[in-house]
Colleague: 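Attaching a single structure in structure tokens format; questions to follow.
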Amino acid sequence: MEIIKADSSMLSNYEVLAILNDQKTQRQANEVVGTREVAENLRTIEFEVQKYLGASPCLTQSPEQIAALKDAFAKYKLLKVELLQILNLRPKSPVELILVIEEFEERFTLADCTAMLKLIADALPRDDDVQMGNAESEGQQGLGHDMQ
């Protein structure tokens with residue numbers, strides 16, 4: 001991956017993780033040859049960022065999924081920063097989505113919110129969705145028994 005204009009756009013978490021992984025691979029190749037050393041502080045920062053991003057939705061994303069999300073949301077005319085936040089955070093609930101999109105109540109309806117959440121789930125599927133769904137249903141069943 002090559003950065004053409006460093007200050008021309010914002011990067012998604014997926015892109016940042018890809019750049020860090022590329023740099024790590026290049027650094028490891030250079031260390032074998034013995035041509036370049038990297039400051040320990042830089043390695044620490046890279047490690048911490050990779051650790052953080054490794055626990056975020058970007059870990060399971062692919063360029064195809066990102067393109068599908070962009071295409072699916074084209075009809076909503078979101079700002080670039082709003083689409084970037086949706087991509088990075090992958091909201092699962094109406095509250096999370098409404099907080100990401102500016103003036104949501106003035107621009108969209110609750111039906112749009114539901115449709116957007118479905119588009120997100122379809123375009124950016126994750127393995128933990130099934131686990132989260134099972135945990136939520138078990139929690140609701142537990143609440144029902146407590147109330148009786």
Side-chain angles (χ1 to χ4, degrees), residues 1-140:
M1 181 175 290
E2 181 180 337
I3 301 173
I4 297 173
K5 289 184 178 180
D7 60 345
S8 68
S9 67
M10 297 174 280
L11 297 175
S12 69
N13 289 349
Y14 172 81
E15 293 166 319
V16 171
L17 186 60
I19 289 169
L20 288 175
N21 288 335
D22 288 347
Q23 288 179 345
K24 182 178 178 180
T25 303
Q26 289 175 356
R27 185 175 52 253
Q28 288 173 342
N30 288 340
E31 285 176 353
V32 170
V33 177
T35 57
R36 185 173 173 214
E37 288 186 28
V38 178
E40 193 62 34
N41 293 344
L42 177 59
R43 286 185 185 201
T44 302
I45 291 169
E46 288 177 345
F47 173 78
E48 292 296 327
V49 171
Q50 285 178 317
K51 182 179 169 185
Y52 170 77
L53 293 177
S56 73
C58 76
L59 186 64
T60 59
Q61 293 172 354
S62 69
E64 295 80 17
Q65 290 175 333
I66 294 170
L69 182 76
K70 287 181 183 179
D71 292 342
F73 273 86
K75 66 181 176 184
Y76 292 109
K77 298 181 181 169
L78 297 175
L79 300 173
K80 287 182 182 180
V81 69
E82 292 169 339
L83 190 58
L84 182 65
Q85 289 288 31
I86 289 171
L87 179 63
N88 287 342
L89 300 174
R90 196 183 175 279
K92 294 182 181 182
S93 70
V95 172
E96 291 173 322
L97 183 62
I98 289 170
L99 289 173
V100 168
I101 299 176
E102 287 187 42
E103 300 174 348
F104 186 94
E105 297 84 9
E106 296 169 10
R107 295 167 56 194
F108 304 106
T109 65
L110 288 178
D112 290 331
C113 181
T114 304
M116 288 180 190
L117 288 171
K118 174 132 178 56
L119 288 175
I120 293 167
D122 291 343
L124 302 174
R126 288 190 59 184
D127 294 339
D128 66 351
D129 284 343
V130 175
Q131 296 168 353
M132 292 297 289
N134 290 340
E136 287 176 4
S137 65
E138 288 174 7
Q140 289 174 355

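As a basis for the values below, the full set of heavy atoms in this structure was taken, side chains included, without hydrogen atoms, waters or symmetry mates.
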Colleague: To the nearest 0.5 angstrom, please state how far the CG atom of L84 sits from the CG atom of L79.
Modeller: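 Rounded to the nearest 0.5 Å, the CG-CG separation comes out at 11.5 Å.
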
Colleague: What's the shortest heavy-atom distance between L119 and A72, and which atoms?
Modeller: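 Residues L119 and A72, closest heavy atoms: CD1-O, 3.6 Å.
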
Colleague: I'd like to check E46 versus K24 (side-chain heavy atoms, cut-off strictly below 4.5 Å). Are they in contact?
Modeller: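 A side-chain contact is absent here, since even the closest heavy-atom pair is not under 4.5 Å.
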
Colleague: Show me the pairs that pass side chain to side chain donor-acceptor pair (under 3.5 Å) and involve residues 67-77, at least two apart or across chains.
Modeller: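 For residues 67-77, and leaving out neighbouring residues, there are no side chain to side chain donor-acceptor pair (under 3.5 Å) pairs at all.
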
Colleague: Going from CG on L117 to CZ on R90, what distance comes out if it is rounded to the nearest 0.5 angstrom?
Modeller: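 The CZ atom of R90 is 10.0 Å from CG of L117, to the nearest 0.5 Å.
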
Colleague: May I have the step-by-step check of side chain to side chain contact (heavy atoms under 4.5 Å, CB included) for L17 and Q50, ending in yes or no?
Modeller: CA-CA 6 Å; L17 186 60; Q50 285 178 317; 4.2 Å; yes

Colleague: Find the distance between CG (L83) and CE (M10) and round it off to the nearest 0.5 Å.
Modeller: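 With rounding to 0.5 Å, CG (L83) is 10.0 Å from CE (M10).
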
Colleague: I86 vs M116, test: side chain to side chain contact (heavy atoms under 4.5 Å, CB included). Steps then yes/no.
Modeller: CA-CA 10 Å; I86 289 171; M116 288 180 190; 5.6 Å; no

Colleague: So do N88 and S56 actually touch side chain to side chain, heavy atoms under 4.5 Å?
Modeller: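 In short, these two side chains do not touch, never coming nearer than 4.5 Å.
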
Colleague: Give the minimum heavy-atom separation between F104 and C113, together with the two atoms involved.
Modeller: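 That closest heavy-atom pairing would be CZ-CB, 3.5 Å.
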
Colleague: Measuring from I120:CD1 to L69:CG, what's the distance to the nearest 0.5 Å?
Modeller: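 Output value for this atom pair is 6.5 Å.
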
Colleague: Does the side chain of Q65 reach to within under 4.5 Å of the side chain of P125, using non-hydrogen atoms?
Modeller: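 They are in side-chain contact.
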
Colleague: I'd like to know whether L87 forms a side chain to side chain contact (heavy atoms under 4.5 Å, CB included) with N13, so could you lay out the CA-CA distance, the side-chain angles of the two residues, the decisive distance to 0.1 Å, and finally the verdict.
Modeller: CA-CA 8 Å; L87 179 63; N13 289 349; over 6 Å; no

Colleague: Can you pull out every side chain to side chain donor-acceptor pair (under 3.5 Å) where at least one residue sits in residues 101-116? Sequence neighbours excluded, please.
Modeller: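 Sorted result for residues 101-116: E82-R107, T109-D112.
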
Colleague: If you measure from CD1 on I101 to CD on Q85, what distance do you get to the nearest 0.5 Å?
Modeller: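 Taking CD1 in I101 and CD in Q85, the distance rounds to 10.5 Å.
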
Colleague: Go through the steps to decide whether I98 and F108 satisfy the test side chain to side chain contact (heavy atoms under 4.5 Å, CB included), and finish with yes or no.
Modeller: CA-CA 10 Å; I98 289 170; F108 304 106; over 6 Å; no

Colleague: Decide if atom CG of L110 counts as having more than 12 heavy atoms of other residues, nucleotides or ligands within a radius under 6.0 Å.
Modeller: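 No, not enclosed.
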
Colleague: Considering residues at least two apart in sequence or located in another chain, which fulfil the side chain to side chain donor-acceptor pair (under 3.5 Å) criterion with T44?
Modeller: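 T44: no side chain to side chain donor-acceptor pair (under 3.5 Å) contacts found.
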
